[in-house]
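Okay, so here's the structure we're looking at.
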Number of protein chains: 2
Amino acid sequence: MPQLPAFDVMTATCPSRTSLARIANKWTAMVVIALSADRMRFRDLRTTVDGISAKVLTETLRDLERDGIVIRHVYAEIPPRVEYELTALGRTLHAPLQALGLWAEEHFADVLAARESYDARQ
Amino acid sequence: MPQLPAFDVMTATCPSRTSLARIANKWTAMVVIALSADRMRFRDLRTTVDGISAKVLTETLRDLERDGIVIRHVYAEIPPRVEYELTALGRTLHAPLQALGLWAEEHFADVLAARESYDARQ
DNA sequence: GATGGCTTGTTACCGATGGTAAGTGTAAGG
DNA sequence: CCTTACACTTACCATCGGTAACAAGCCATC
């Protein structure tokens with residue numbers, strides 16, 4: 001009953017690969033994880049996604065908006081207020097990206113140990 | 001009973017973020033997905049992960065080896081034979097990355113529609 | 001009325017990364 | 001002795017990620 005995937009990311013010319021390239025990205029992952037809790041304004045995203053620059057956050061959000069993963073709510077106020085929210089499509093992305101983030105947190109000790117061992121061998 | 005994560009990828013200085021940066025990458029995702037089926041030699045990986053260059057594949061595999069996700073088996077033969085295999089740690093990465101690939105394949109039609117709608121608005 | 005602050009960006013710039021194309025080394029086969 | 005096979009290297013260029021400074025518009029303060 002689940003439709004078979006009509007696309008194959010392993011094929012270079014398959015358009016689904018452009019989609020994979022966008023979501024397989026650390027900034028995308030962190031922004032989507034942050035927004036899955038609640039809609040947020042630009043400034044709050046900058047503090048939640050620690051270390052992201054205004055430029056990169058703007059670009060990431062524009063790309064996610066273009067791909068239908070995020071909606072942008074602009075309020076005509078002074079100072080300006082812009083809120084970002086996951087779409088229904090964006091919410092389907094939460095579980096996979098959250099899993100990636102959790103993997104990084106849970107397995108980093110192993111990764112670190114492997115790195116030290118590797119570097120010692122070289 | 002599950003240990004609480006001692007690391008937080010949302011913190012810029014947290015070392016787990018370097019780990020997230022590595023796995024949240026399209027080439028990493030495709031190589032791990034390819035290797036999850038079976039161990040493979042370099043040349044077969046190049047054809048399975050369609051479109052990857054020798055240089056990028058070499059770098060990706062070196063990084064994955066350093067992080068303990070892949071093991072490299074070198075056979076002293078002519079012409080050379082090198083096989084790559086997921087470690088136990090690498091196999092724990094399969095499910096999250098496979099989920100990402102499936103998302104890209106299953107939702108690309110939505111992404112494409114959103115893109116066309118966005119571009120028409122601008 | 002000039003100054004500075006608030007917020008959401010934009011611009012200029014530069015170093016790092018991703019990507020292509022060609023070359024390297026070794027030994028068997030013709 | 002020239003080609004082929006394989007797993008890389010190297011040189012080189014384009015694109016991306018990242019920093020720092022500035023723009024716009026109104027308010028409050030000095």
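Below, read A as the first sequence line, B as the second, and so on, with proteins coming before strands; counting in each chain starts at 1.
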Could you note down all residue pairs passing ring pair (Phe, Tyr, Trp, His ring centres under 6.0 Å) where residues 46-105 of chain B supplies at least one of them, sequence neighbours left out?
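As it turns out, the ring pair (Phe, Tyr, Trp, His ring centres under 6.0 Å) pairs with a partner in residues 46-105 of chain B, which skip direct neighbours, are B:W103-B:H107.
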[Y] side chain reached by [X] side chain, heavy atoms, under 4.5 Å:
X	Y	answer
A:M30	B:L20	yes
A:S36	A:L86	yes
A:R41	A:V82	no
B:M40	B:E83	no
A:L100	B:L97	yes
A:R72	A:R62	yes
A:L35	A:L64	no

Within this structure, what is the [atom1]-to-[atom2] distance between [X] and [N], rounded to whole angstrom?
X	N	atom1	atom2	result
A:I52	D:dT19	CD1	P	10 Å
A:E77	C:dT7	CD	C1'	11 Å
B:I78	D:dA5	CD1	C1'	10 Å

Polar atom pairs (N or O), protein with nucleotides 1-3 of chain D, under 3.5 Å:
none

Can you check whether B:M10's main-chain N or O pairs, donor with acceptor, with B:D8's side chain at less than 3.5 Å?
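Yes: the side chain of B:D8 pairs with the backbone of B:M10.
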Any donor and acceptor pair, going by atom type alone, linking the side chain of A:T11 with main-chain N or O of A:T13 inside 3.5 Å?
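Not a single qualifying donor-acceptor pair exists.
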Rounded distance [0.5 Å steps], CZ in B:R22 versus OG1 in B:T60
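Reported value, rounded in 0.5 Å steps: 9.0 Å.
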Can you list the residues that meet the side-chain hydrogen bond (donor to acceptor under 3.5 Å, both in side chains) rule with A:T47, with sequence neighbours excluded?
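A:T47 satisfies side-chain hydrogen bond (donor to acceptor under 3.5 Å, both in side chains) with no residue once adjacent residues are dropped.
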Side-chain ion pair, B:R17 and A:D50, N-O less than 4.0 Å:
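Looking at B:R17 and A:D50, the cut-off is not met.
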Each nucleotide of nucleotides 6-18 of chain D classed B (base within 4.0 Å of a protein heavy atom), S (only sugar-phosphate) or -, in 5' to 3' order, makes BSBBBB-----BB
How bent is the helix from C:dG1-D:dC30 to C:dG30-D:dC1, comparing axes over its five end pairs at each side, to the nearest 10°?
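Inter-axis angle at the ends, rounded: 30°.
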Tell me which residues in residues 15-22 of chain B put a heavy atom below 4.0 Å from DNA chain C, sorted by number, or none.
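Listed by number, there are none.
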